[in-house]
Amino acid sequence: MVNLATLQASINPFCQIRSACYLPEINKEMGDKRSYPHSSTDEPPNSRLFVIGSKMLKEEDFRSAFGVFGTIEEIWVVKDRSTGENKGVTYIKFAKTSEAACALEAMNGKSIGNVNRSIKVMIAASRDQGSKRESNEEEKTLRLFVVVPKTMTDSELYDEFKTYGDIDYANILKDKETRESKGFAYVKYYKFSHAAIAFEECDKKYRPVFAEPRKSQRDLEMDRHYSAPRGHDQDNYSQNMPIAPPLGIPDFHSSGEGFTKLIVIASPVLNQDQLWKLFDIVPGLDYCHVNYEGRPRPTRAVAEVAYTSPQSAAHAREKLHGFEYPMGFRLIVRPEQDNRPNVFAGRSLDKPKPDILQIAETIAQASSLIQAAGFSPDILQAKLGLGNKSNPGTSMDLDIQCSVKLPERKPLAKIDDETVARCFIVCFPSALHNSVLKDVFSRFENLIDVYMLNNKNCGYANYSTKKSAEEAIKVLHGAEIMGIRMKVMEAQEKPDHQRKRQRIDSPF
DNA sequence: CGACGGGACGC
DNA sequence: CGACGGGACGC
């Protein structure tokens, strides 16, 4: 038996228990589908429990034990169809996911009614999948998949969602090469009830869903076993890492042997001349050819960069791989042929780490480039670890070519600020890249997000203050940026049916 | 002259 | 041990 006190004690603080005032409603007649449209489905997700217990337990036993956690929509004690015998399993449908979560966490393993045996409480599998269980069951109740503004960082996401419970990790998905946000993220909690509260209470703009579980380790091993039976695996544990480490900038210390040609992945806003100047920092540049990939507008530049000696190529790779140029884009620099001769096996790499003199030299060499490209030298210094206090953002300013004078960049909006003003943006003849948009529109404070619609030349910039949107319009409307003509005007209100419900914080 | 985004994890 | 019933034209 459990009493209310033990229940309360076992319920976590993030889970709001329904008080007695809800009980009369619970006690009214059940099974009325018109008032509980979801009672026979699993909506909202993970709101239906599957309870294994004694065949002696009656509906009322479940009602009195589980009713305290919230609104029960239906209790179904399964009986044998022909004999009518209680089969010892029961479905309990709650109105809310968090209610089911609290009930599960509090009641699993407890005994109820007058039966001196513990019950087992699980999330009911959806009706169509029968009784078969996911290989890694728990994950589907702990992990949310959310849409996030492109301007959001991992730690902002973490801070935003930690208000609902203890977070295992909060990872924004990023392009493997450019490291730009893809605009969605996983947030994993340690407890189902925390994930459930986040699912229900977070701002609707995040469009949360419970994430589909990743393939289990066993499944992955099976796959590997049948496809590529090579070597040992190294990382199936990343899903359990607290916060994804920034992808290392691997292998800075490659030997100066084996390759003279590099493949460079870079921002599509860079032209061949800019890339040439950058790679020409390292003596021995032979040529630099650029192609642009991505339709309808380029999403990246792919350059073939060759040096006259392997030492130069290795040096360029070492200095420039992972370098953020421009803001938001890390260069990817790798040998054209990555199946290098295995010089690593024989001897250890005794090449020293770049020392302070080398770095200083690089900076000196870079200065002319920086001048030419319109960067400020202290940003590069900061980037290479010598720098002064300024610009903690560690990213470089873009070389924005603009027909009008742009203000300095300003802080973005606080992460939970609401959009109060929107600019409608039209680019002609083609859309500007995200990183350029972000740079330009963040010159007016409190930018929330800026984006172009898919395959269109128009988009929106969202601000949390009306003043900024107005200033952006005043400055940018009619301007020409990177050769693109801009129209920036006040956005019409969304049509009614697409307006998302937003929190209303204003007292008025 | 353009109007309302986006959804899956390195093998 | 242990996985899917019942209801059914009304206000």
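No hydrogens, no waters, no symmetry mates; every other heavy atom, side chains included, goes into these values. Protein chains get the first letters and strands the later ones, always in sequence-line order, with residue 1 at the start of each.
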Short side-chain N/O contact from [X] to OP1 or OP2 of [N], under 4.0 Å:
{"X": "K205(A)", "N": "dG6(B)", "answer": "no"}
{"X": "N454(A)", "N": "dG6(B)", "answer": "yes"}
{"X": "K456(A)", "N": "dC4(B)", "answer": "yes"}
{"X": "R422(A)", "N": "dC4(B)", "answer": "no"}

If I take atom [atom1] in residue [X] and atom [atom2] in nucleotide [N], what distance separates them, rounded to the nearest angstrom?
{"X": "E74(A)", "N": "dG7(C)", "atom1": "CD", "atom2": "C1'", "result": "11 Å"}
{"X": "K174(A)", "N": "dG10(B)", "atom1": "NZ", "atom2": "P", "result": "10 Å"}
{"X": "L437(A)", "N": "dG2(B)", "atom1": "CG", "atom2": "P", "result": "20 Å"}
{"X": "D175(A)", "N": "dA8(B)", "atom1": "CG", "atom2": "P", "result": "14 Å"}

Residue pair Y206(A)/A491(A) against DNA chain B: nearer the 5' end by closest nucleotide is A491(A)
Is R485(A) positioned over the aromatic face of F428(A), cation under 6.0 angstrom from the ring centre and no more than 45 degrees off axis?
->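 No - R485(A) does not lie over the ring of F428(A) by the 6.0 Å and 45° rule.
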*Donor-acceptor pair under 3.5 Å: do we get one between K182(A)'s side chain and the base of dG7(B)?*
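Not at all, since no donor on one side and acceptor on the other fall under 3.5 Å apart.
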Closest listed nucleotide, where the reference is the side chain of [X] and the choices are [options]:
{"X": "V89(A)", "options": "dG7(B), dA3(B), dA3(C)", "result": "dA3(C)"}
{"X": "K87(A)", "options": "dG5(B), dC4(C), dC9(B)", "result": "dC4(C)"}
{"X": "K487(A)", "options": "dA3(C), dA3(B), dG2(B)", "result": "dG2(B)"}

With no hydrogens and no angle check, do the side chains of S111(A) and R117(A) hold a donor and an acceptor under 3.5 Å apart?
no
Contacts of S464(A) meeting side-chain contact (heavy atoms from CB on, under 4.5 Å) (sequence neighbours excluded), chain-then-number -> A413(A), D417(A), N446(A), I448(A)
Name all residues meeting the ring-ring contact (aromatic ring centres under 6.0 Å, His included) criterion together with F184(A); count only those two or more places apart in sequence or in a different chain, and write none if there are none.
->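 In terms of ring-ring contact (aromatic ring centres under 6.0 Å, His included), with neighbours along the sequence ignored, F184(A) is linked to F145(A).
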